[in-house]
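This is the structure I want to talk about, given as structure tokens.
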Amino acid sequence: MSSIESSLVEYVSGNLLEGSVEGLDADTPLLELNILDSVEVLTIVQFMQSEFGVAVPVGRVVPENFGSVRAMCGLVAELKQEANGV
Amino acid sequence: MTGIVSGLHREVVELSAPEAGVSGSIALAGETPCSYGELWSRVEAVAGALADAGAGPGERVAIWLPKGADYVAAILATLRLGGCYVPLDAAQPAARAHVVLNDADPAVLVTSSDLVAGFAADELPRIVDPAGLQARNVPASPGNPTPEDDAALLYTSGSTGKPKGVRLTHRNVAAFVRWCLEDFPTSDEDLVVNHAPFTFDISLHGLFVPLAVGASLLVLSDEDRTNPKAMAAAIERERPTMWYSVPFALDLIVREVPDALGPDTSLRTVLYAGEEYPSARLAELSRRLPAETVIGNLYGPTETNVCIAHVVDRDELDGTTPVPLGSPVAGAEISLIDDDGARITEAGDLGEIVVTGSCVSPGYRGRDPRPAIDDRGTRQYHTGDLGFYDERGRLCFQGRADRQVKLGGYRVELGEVEAALAQLPGVHEVAVERVVTQERAQLVAFLTADEPAPGLIDVKQHCARLVPRYMIPHRVRKLDSMPRNANGKVDHGRLAELYAETEGE
């Protein structure tokens with residue numbers, strides 16, 4: 001598990017699931033299971049900024065990028081790559 | 001100027017081709033605008049396909065599509081043929097759609113192939129896919145509905161754990177639209193936001209009101225309607241003049257987008273309904289709107305649509321006093337009834353809100369209809385909501401008499417969630433409560449179960465197959481025994497205390 005993945009799993013379990021990790025993995029569908037809603041997505045965006053140093057543009061705050069921890073890792077990786085490329 | 005919805009004064013909703021003057025006007029605003037003429041071509045194309053598939057006067061047509069132009073066209077095409085539309089929400093799980101389809105028994109289902117991929121063909125009615133329908137030269141033959149014919153069948157969360165289909169007649173819909181036009185005047189200059197899912201009675205406003213007067217409507221997509229930044233961006237870009245939604249959606253914009261709205265916003269009428277607007281939050285909304293913008297508090301369960309309305313006195317908003325429900329709308333009579341069935345007139349006395357008039361639905365599909373006539377010649381609905389009159393004679397809301405709660409604007413019958421949980425293997429007893437912590441309402445499931453008891457994710461995965469997303473519990477508490485009161489009933493107050501004691505553990 002990458003460090004980004006484990007930080008995000010830890011964030012989700014600690015902040016949204018009262019510390020429960022049983023059954024939670026990178027592919028757990030967070031939106032479909034009502035674990036994440038539109039308010040919490042915004043707090044995750046802030047967490048990504050403070051933890052990984054990536055600013056998430058409004059246009060990227062879409063369900064496909066926040067549906068699971070794996071999707072969020074993909075987004076962080078993309079944003080880092082884009083930042084380095086400039 | 002008139003639009004394509006008429007017949008309202010005869011208490012019916014009729015669809016007719018746009019006149020030359022309105023044909024070029026924008027009907028559907030947004031990134032791909034659609035004129036009245038173009039919308040009408042779509043309506044005729046869908047109506048033709050529906051008629052070929054067997055839909056017609058008095059038939060039900062289910063619609064299961066993402067929110068957008070095709071959905072609007074399918075609703076209008078159904079009414080054009082004199083049929084009754086049964087809306088399904090593409091954002092809800094297939095199992096819920098299945099239950100509704102079984103109960104509604106529609107002649108035709110308007111949907112797309114990807115949504116019904118998980119269904120066996122023999123489980124479904126005949127399907128019309130609006131993608132790729134050809135324009136028709138032969139106009140659909142219009143149905144001739146009477147005021148008592150069903151126009152829509154809206155499924156709400158049922159107390160027995162099964163959704164109930166609320167029948168809305170042409171009279172119900174026409175009364176609502178006429179009242180809206182009188183109290184919150186709308187012209188062909190207006191752009192009206194359609195925020196709610198089409199399964200929700202709030203959506204009727206942003207559909208029939210603009211289409212009756214040749215105004216434009218802005219249909220927010222399933223994704224945008226829950227995304228504060230997308231909503232704020234749509235307001236900025238499209239400059240709508242009217243908004244009607246649950247308080248939750250407005251507050252999401254106010255809380256999450258600091259520069260949204262403001263003194264230059266285009267909104268001149270902002271209406272809300274569906275749940276109470278927390279006083280402090282409403283005061284904040286008011287500060288973010290121009291002084292001349294009208295804020296309206298509308299009240300009514302799906303069974304009556306809006307029956308009480310109140311134009312908020314913005315100078316009166318102090319951040320703590322609740323806003324009154326207000327006065328009955330045209331065509332509705334309201335009474336407050338005490339436990340003995342006597343009518344309350346004194347200020348301050350608590351009673352159940354009872355609605356009488358042309359806004360009242362004849363009842364639920366598959367159940368005995370409400371009597372068409374009582375001693376005053378109209379239908380009555382006992383809302384199960386409690387209220388009282390304030391010193392100025394205005395009706396004020398006090399809460400639900402039973403266990404139907406609101407969560408994020410959605411109506412949730414706690415019993416329906418409990419029924420879903422009770423199906424989990426190894427679970428003995430369940431109770432679900434709505435608990436508010438840190439200003440947020442959450443669903444907490446309490447259960448007694450064999451060891452090892454199911455974990456939170458197990459519970460969520462199980463519920464996701466049976467109920468809409470907004471009904472999936474946020475928290476689970478495993479108990480050794482269910483607290484019960486002296487009558488042997490689950491002690492709901494005690495459950496809330498138990499949760500407060502263990503919160504954050």
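Note on naming: letters A, B, ... go to the chains in the order of the sequence lines (proteins, then strands), and numbering restarts at 1 for each one. In what follows, every heavy atom counts, from backbone to side chain, and hydrogens, waters and symmetry copies are set aside.
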Taking only Lys NZ, Arg NE, NH1 and NH2, and the carboxylate oxygens of Asp or Glu, determine whether B:R477 and A:E18 approach each other closer than 4.0 Å.
->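 A salt bridge is present here (some side-chain N lies under 4.0 Å from a carboxylate O).
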Per-residue contacts, residues 42-68 of chain A versus chain B, heavy atoms under 4.5 Å |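 The residues closer than 4.5 Å to chain B, in numerical order, are A:L42, A:V58, A:V61, A:P63.
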Is the side chain of B:R469 donor-acceptor paired with the backbone N or O of A:L31 at a distance under 3.5 Å, no angle test?
->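 A pair under 3.5 Å: yes.
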More than 12 non-hydrogen atoms from neighbouring residues, nucleotides or ligands closer than 6.0 Å to CD on B:E497, yes or no?
->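 Enclosed: over 12 neighbouring heavy atoms sit under 6.0 Å from CD of B:E497.
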Taking the side chain as every heavy atom from C-beta outward, state whether A:E40 and B:R440 have any atom pair closer than 4.5 Å.
->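 Counting from C-beta outward, A:E40 and B:R440 do come under 4.5 Å.
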What part of B:P228 lies closer than 4.5 angstrom to a heavy atom of chain A: side chain, backbone, both or neither?
->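 Just the side chain, heavy atoms under 4.5 Å.
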Select one option (side chain, backbone, both, neither) describing which atoms of A:E22 are under 4.5 Å from chain B's heavy atoms.
->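 It is both, since atoms from each part get that close.
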Side chain, backbone, both or neither of B:L252 within contact of chain A (heavy atoms, under 4.5 Å) =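 The answer is the side chain of B:L252.
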Can you tell if the side chain of A:L33 reaches within under 4.5 Å of the side chain of B:Q461, non-hydrogen atoms only?
->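 They are in contact (side-chain heavy atoms under 4.5 Å apart), so the answer is yes.
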Compare all side-chain heavy atoms of A:I35 with those of B:K460 and state whether any distance is below 4.5 angstrom.
->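 Yes - at least one pair of side-chain heavy atoms lies under 4.5 Å apart.
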Of the listed residues (B:R475, B:E256, B:H474), which shares the most heavy-atom pairs with chain A below a 4.5 Å separation?
->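 Winner by heavy-atom pair count: B:R475.
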With rounding to the nearest 0.5 Å, note down the distance linking CG in B:L456 to CG in A:L17.
->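 Result: 5.5 Å between the selected atoms.
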Tell me, do B:Q442 and A:N34 make a side-chain contact under 4.5 Å, heavy atoms counted?
->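 With C-beta onward as the side chain, the pair stays apart.
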